[in-house]
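What follows is a single structure, written as structure tokens, with notes after it.
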Amino acid sequence: MKTLTRVAEMQVAASGARALGKRLGFVPTMGALHEGHLSLVRRAKQDTDLTVVSIFVNPAQFGPSEDYLNYPRDLERDSGLLRGEGVDFLFAPPVEEIYPSDFQTCVAVERLSTPLEGQFRPGYFRGVATVVLKLFNIVQPHLAYFGQKDAQQCRVIQQLVRDLKLPVEIVICPIVREPDGLAMSSRNTYLSTEERQTALVLYKSLGRARELIQAGERRPAEIVREMRQLIEQEPRARIDYVALVDAATLEPLECVDGTVLIALAVWIGRARLLDNLLIEERDGRFTFQF
Ligand code: AMP
């Protein structure tokens, strides 16, 4: 595995590989890698000839009161894990390389960035879309891999690619969970032993939503009410949102039908955790993906 830190070096390596007819698979990350990230890497390895992983904690997607400085970083451990997976290139640029001091261009995916995370993290998706577009221009992948764990991010990136006609195919991979159901996240390291137990309530609330739908409940407000009630029983949990939306537009729904996303963000101690459940209805039959 080669580690590159300069944009120009990465662009030369990518153009060279493309000129040789190789298919490039790209996995953008912020590091502190876990099995969720590695599942994307394995999928990229399977699908393509050359795998590039980036590790870049993107300052543009953190608000002033957020955890940019404390975000877990361990490049040595991460690069060992990636070497073990047979990754070809690790791209780990310093901040100045991506945001030189005269940097002034941003991209925003307007409507999809507004609800859910957008309500609580203004500017977040502008930061995400901008860095992903820059990384695509640097790495020039044929395919890029993202986790369903960040469902709204997946929609924003798909729309970015569609709107700007980017020549890259987006592959969405399923959520990887701990054996007890907690969605893997770099921020799980912030949880104390008790909080780690409390954090299970996100997954439990999605299970409750599934039960309700299976029992015939179709009213979004009722499903959200029951989920909130379950979460509020945990004194350590503080809800940012619990929402049931159209999975494509992320707009509120009147009734559970078609493809539905139930998404939630909940603070447990100093960790802000996300989880979601994707529901597809066809001919009155539901499939649940979480
Ligand atoms: P991050 O390092 O948090 O920016 O995540 C990098 C990529 O890994 C994103 O596409 C995430 O959606 C994905 N990812 C993070 N956690 C998981 C997980 N538990 N399962 C699947 N993908 C994940």
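Quantities reported herein were computed from a predicted structural model and do not represent experimental measurements. Just so you know, ligand 1 is whichever comes first in the structure, and atom 1 is the first atom listed for that ligand.
- In this structure, a donor-acceptor pair under 3.5 Å is present between the side chains of Asp47 and Tyr145.
- Proximity to Pro174 (heavy-atom distance under 4.0 Å) selects the following atoms of ligand 1: 20 (N), 21 (C).
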Table please: side-chain donor-acceptor pairs of residues 204-212 below 3.5 Å, with sequence neighbours left out.
unit_1: Ser205; atom_1: OG; unit_2: Val201; atom_2: O; d: 3.4
unit_1: Ser205; atom_1: OG; unit_2: Leu202; atom_2: O; d: 2.7
unit_1: Arg208; atom_1: NE; unit_2: Glu226; atom_2: OE1; d: 3.1
unit_1: Arg208; atom_1: NH1; unit_2: Glu211; atom_2: OE1; d: 2.7
unit_1: Arg208; atom_1: NH2; unit_2: Glu226; atom_2: OE1; d: 2.9

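- Evaluated by nearest non-hydrogen atom to atom 1 (P) of ligand 1, the leading choice among Lys149, Arg177, His37 is His37.
- Checked against Glu66 for a salt bridge (Lys or Arg N to Asp or Glu O under 4.0 Å), the options Arg272, Arg121, Arg187 give a single hit: Arg121.
- Ranking the protein heavy atoms by distance from atom 15 (C) of ligand 1 puts His34 CE1, 3.9 Å first.
- If you check each of Gly36, Ser185, Ser39 against atom 18 (C) of ligand 1, the one with the closest non-hydrogen atom is Gly36.
- Residue Met184 has at least one heavy-atom neighbour below 4.0 Å for each of these atoms of ligand 1: 16 (N), 17 (C), 18 (C), 19 (N).
- A salt bridge between Arg219 and Glu217 is present, with a side-chain N of the basic residue lying under 4.0 Å from a carboxylate O of the acidic one.
- Close contacts between ligand 1 and Thr29 involve ligand atoms 2 (O), 6 (C) [criterion: under 4.0 Å to a heavy atom].
- Of the protein's non-hydrogen atoms, the one nearest atom 20 (N) of ligand 1 is Val176 N, 2.8 Å.
- What you find for Gln152 and Gly118 is that their closest heavy atoms are OE1-N, 4.2 Å.
- Checking only distances, Phe146 never comes within under 3.5 Å of ligand 1, N or O to N or O.
- Those atoms of ligand 1 that come under 4.0 Å of a heavy atom in Met30, given as number and element, are 1 (P), 2 (O), 4 (O).
- Contact annotation: Gln148 has no heavy atom less than 4.0 Å from any atom of ligand 1.
- Under the 4.5 Å side-chain contact rule for hydrophobic residues, Ile138 and Phe89 share a cluster.
- Asn70 and Tyr190 share no donor-acceptor pair across their side chains, judged by distance under 3.5 Å alone.
- A donor-acceptor pair shorter than 3.5 Å cannot be found between the side chains of Tyr68 and Asn58.
- The shortest N/O to N/O separation between Leu40 and ligand 1 does not fall below 3.5 Å.
- Note: an N/O pair closer than 3.5 Å links Asp150 and ligand 1 by distance alone.
- Using a 4.0 Å cut-off to heavy atoms of Pro28, the atoms of ligand 1 that qualify are 6 (C), 7 (C).
- Applying the salt bridge (Lys or Arg N to Asp or Glu O under 4.0 Å) test to every pair with at least one member in residues 135-155, sequence neighbours left out, gives no pairs at all.
- For atom 10 (O) of ligand 1, the closest non-hydrogen atom of the protein is Gly147 N, 2.9 Å.
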